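What follows is one structure encoded as structure tokens, with my remarks underneath.
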Protein chains: 2
Amino acid sequence: MLTDRQLLILQVIIDDFIRYGQPVGSRTLSKKEKITFSSATIRNEMADLEELGYIEKTHISSGRVPSEKGYRYYVDHLLSPQRLTQEDMRKIKSIFAERIYELEKLVQKSAQILSDLTSYTSIVLGPAVKDNKMKRIQIIPLNKETAVAIIVTDTGHVENRVITIPASVNASDLEKMVNILNERLIGVPLIELKDKIYKEVADVLRTHIYNYDSMLKTISETLDVPQEEKMFFAGKTNMLSQPEFSDIQKVRSLMTIIEQEKDFYRLLRKNSKKGIQVTIGRENQLSGMENCSLITATYSVGEEQLGTIAILGPTRMEYSRVITILNRVASDLSTALTDWYQNS
Amino acid sequence: MLTDRQLLILQVIIDDFIRYGQPVGSRTLSKKEKITFSSATIRNEMADLEELGYIEKTHISSGRVPSEKGYRYYVDHLLSPQRLTQEDMRKIKSIFAERIYELEKLVQKSAQILSDLTSYTSIVLGPAVKDNKMKRIQIIPLNKETAVAIIVTDTGHVENRVITIPASVNASDLEKMVNILNERLIGVPLIELKDKIYKEVADVLRTHIYNYDSMLKTISETLDVPQEEKMFFAGKTNMLSQPEFSDIQKVRSLMTIIEQEKDFYRLLRKNSKKGIQVTIGRENQLSGMENCSLITATYSVGEEQLGTIAILGPTRMEYSRVITILNRVASDLSTALTDWYQNS
DNA sequence: TGTTAGCACTCAGGTTGTTCGAGTGCTAAA
DNA sequence: TTTAGCACTCGAACAACCTGAGTGCTAACA
């Protein structure tokens, strides 16, 4: 186990490194207020800390730099709690300044403000459409072959897609079907729609509609709702200002990951456990993210978890500040949404 | 005026520089097949070309590099026409491989393929929603205060927004109004909707609907259609692979512009004259784009111009190839869309 | 008169050597 | 156990030097 003094030194090293981005030497440390012993003592302790894997040297006679293990320990045990400034609070409140009517807009704005506050990149995983409840289905013919299918949910979200209509289906049948669907399916979560149709509505349809079979295809096309939550980015270019990304190679590999979205989405889903999650450097298991840390928090309505907000920054990230901010935004977001859902 | 020999030299210099990205010296030039005279002669000619402002030196004893004026002349007079390879043609055709049902998807795919083909960044300005014609309006109440307003256009595009409903408006009035709007406004371009309402539909509404005045707000909220075309990017990170962007500063300022979208949109609109438009370096009048050129082409249905496709690359760009590709894609896109509009 | 060979000159970029400062580890004394 | 002192290491910054690619100019040539 680490001694108290070692912990102190580890903490001060990481704090300093996060602040200035330069390897920290024993002399610098000895000048810190909290540190009452000499640089030689510090050197001895640092040698031990290095042997244990918490800090590293960039070259043989350099100051020390936190290792991933060091950051991990720091995040788990050494974080000094932060208070938000007035200014920070003001910005966070500004997310909710206007009355919200659309979830997506709110979520997008949150991402924007988060990246503003932190100067890192922020990512928000939006509420999953698949959990919204059906409010209304509408099919509007465009011409002989095609129509627009529209599904409105209880949250005001609108899903729409262009579908093909089999030649054998006529307009009145279509209308009848839409009516039946609207009668039977209100309040059903979108993800369950397809299931429900086959189990409960099929019989009714068969008796009322002549062309039931050829209509099946149309129905299932219509109800093909995207499974995945939308991902909103803000401040993608913020990372370019971080000194660790002065190397164009690193920038490229990171940007490629962000641009691809798919792998990144999966990574975010993995982290979507409740509360604050921190993954550091290679813990992310995505090449190109070796120098990055990801901090995620979840927001919810009542007990139901709705989505994830996250900050992507360099491993040398202001963990404490970011965690405080994320916590705050996530909880404010949850409160606002719970309110909103109750009133609608 | 430039002599034929000077033109030849200018052309070969630019061709070579575009290919290899290195300043071109007289010795290198003298070895080219097309060039039959000695390096000393070339040096004399280059001195003249430099004096006239077509080429520049990077330092006192370096080879020559095209100036913006040089590129401008090259693009206007010296482009050697290119033929597309089989592979290029195949990729372009793949845009139209699947039957298209939604304009936006097609346009997005075009952007993707364009950036693939060129390794530059591509931007597509989508068809303006405001020119689409009204097919159906729908207002679906969510709760006492709010409703979703949906406008479907003849192209299958769906616009939707959440609106507030004044307490004084009741459901049946709302329904009545929607019916009247649907009767009177089918086929009207979205941009004209608001106008039309006040001029032609207002009277009908006033006589049929009790709560006309308080409903005005609802109507105008509903019909507030975005004026601007959507902008689709593809290959944003491609620029990172260009050697001229090995400097992180340049990358940052360029990315910031791309990220902002607003200025960029305006720039693209300025270039939306018919045919191929090339703006080189500072001609773009956007700081951060000094090292970039923008090539745009427009696509249309029949005579009506619908949107713009563009390639953003370094000034040292393969103008000839890009122009050929853009021309091709724009014309194929126009043909496909004209077809599509006729059949619907 | 236009073209070319030759030559002196310039400069970027790579290599090498040097110095400086920040840092280390080790040892011996407190 | 802590600390002062010292020898040592290394990176970064800098100057000196060399090389190669390139230029401009001049004088001779066709």
Side-chain angles (χ1 to χ4, degrees), chain A residues 1-10 12-17 19-32 34-67 70 243-244 246-247, chain B residues 1-10 12-17 19-67 70 243-244 246-247 316:
Chain A
M1 240 0 266
L2 296 178
T3 66
D4 282 354
R5 196 166 65 188
Q6 286 173 326
L7 290 183
L8 176 62
I9 291 178
L10 180 58
V12 177
I13 288 177
I14 300 186
D15 280 337
D16 188 270
F17 183 71
R19 179 111 179 245
Y20 302 107
Q22 295 296 326
V24 190
S26 55
R27 218 178 96 83
T28 319
L29 281 180
S30 71
K31 284 189 199 138
K32 300 266 166 182
K34 287 187 194 167
I35 294 203
T36 52
F37 29 92
S38 81
S39 65
T41 312
I42 296 171
R43 283 202 287 282
N44 288 329
E45 297 286 27
M46 290 206 288
D48 290 349
L49 282 172
E50 184 173 6
E51 210 166 316
L52 292 166
Y54 292 100
I55 52 181
E56 292 166 350
K57 288 191 258 194
T58 59
H59 60 87
I60 189 109
S61 76
S62 78
R64 302 311 210 286
V65 153
S67 68
E244 22 271 285
S246 59
D247 175 12
Chain B
M1 239 3 264
L2 297 178
T3 65
D4 282 356
R5 194 165 68 187
Q6 286 173 326
L7 290 184
L8 176 62
I9 290 179
L10 180 58
V12 177
I13 288 177
I14 301 187
D15 280 337
D16 188 271
F17 184 70
R19 180 111 177 245
Y20 302 108
Q22 295 296 324
V24 191
S26 57
R27 219 179 95 84
T28 318
L29 281 180
S30 70
K31 284 190 198 137
K32 299 266 166 180
E33 203 182 336
K34 287 186 192 167
I35 295 205
T36 52
F37 30 90
S38 80
S39 64
T41 311
I42 295 170
R43 283 200 288 282
N44 288 328
E45 297 286 28
M46 289 206 289
D48 291 350
L49 282 172
E50 184 173 3
E51 209 166 317
L52 293 166
Y54 292 100
I55 52 181
E56 292 166 349
K57 290 191 258 194
T58 58
H59 60 87
I60 189 109
S61 76
S62 77
R64 302 310 211 285
V65 153
S67 68
E244 22 271 286
S246 58
D247 175 12
R316 185 185 73 78

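So that the names make sense, note that chain A is the first sequence line, chain B the second, and so on, each numbered from 1. Source: prediction; values computed, not measured. Side chains are part of it too, since the values below use all heavy atoms of this structure and drop only hydrogens, waters and symmetry mates.
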Touch class at under 4.0 angstrom, heavy-atom based, for A:Thr41 against every strand present: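 The answer is base, as A:Thr41 lies within the cut-off (heavy atoms under 4.0 Å) of a base atom.
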Between [N] atom [atom2] and [X] atom [atom1], what is the distance in whole Å?
| X | N | atom1 | atom2 | answer |
| --- | --- | --- | --- | --- |
| A:Glu51 | C:dT24 | CD | C1' | 15 Å |
| A:Asp48 | D:dT2 | CG | P | 12 Å |
| A:Arg64 | C:dG23 | CZ | P | 11 Å |
| A:Met46 | C:dT24 | CE | C1' | 8 Å |
| A:Ile9 | D:dT2 | CD1 | C1' | 13 Å |
| A:Gln22 | D:dC10 | CD | C1' | 15 Å |
| A:Leu49 | C:dG25 | CG | P | 12 Å |
| B:Ile42 | C:dG2 | CD1 | C1' | 15 Å |

Closest to the B:His59 side chain, choosing from D:dG11, C:dC11, D:dG24: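 Of D:dG11, C:dC11, D:dG24, C:dC11 is nearest to the side chain of B:His59.
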Check whether any side-chain N or O of [X] sits under 4.0 Å from OP1 or OP2 of [N], and answer yes or no.
| X | N | value |
| --- | --- | --- |
| A:Ser62 | D:dT9 | no |
| A:Ser61 | C:dT24 | no |
| B:Lys57 | D:dG24 | yes |
| B:Arg5 | C:dT3 | yes |
| A:Thr28 | C:dG23 | yes |

No-hydrogen, no-angle side-chain donor-acceptor test under 3.5 Å, B:Ser39 and B:Arg27: no
Residue pair A:Arg43 / A:Ser26: nearest heavy atoms and the distance that separates them: NH1-OG, 3.1 Å
Considering all heavy atoms, the nearest B:Ser67-B:Glu56 contact: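 Answer, listing the atom of B:Ser67 first, then B:Glu56: CB-OE2, 3.5 Å.
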Rounded distance (nearest 0.5 Å) linking atom OH of A:Tyr54 with atom CG of A:Leu2: 4.5 Å
Most 5' of B:Arg43 and A:Gly63 on DNA chain C, judged by nearest nucleotide: B:Arg43
5'-most by nearest nucleotide on DNA chain C - B:Asn44 or B:Ile60: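 The 5'-side residue here is B:Asn44.
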Test side-chain hydrogen bond (donor to acceptor under 3.5 Å, both in side chains) applied to A:Thr58 - qualifying residues, sequence neighbours left out: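 Scan of A:Thr58 (side-chain hydrogen bond (donor to acceptor under 3.5 Å, both in side chains), adjacent residues dropped) gives A:Ser62.
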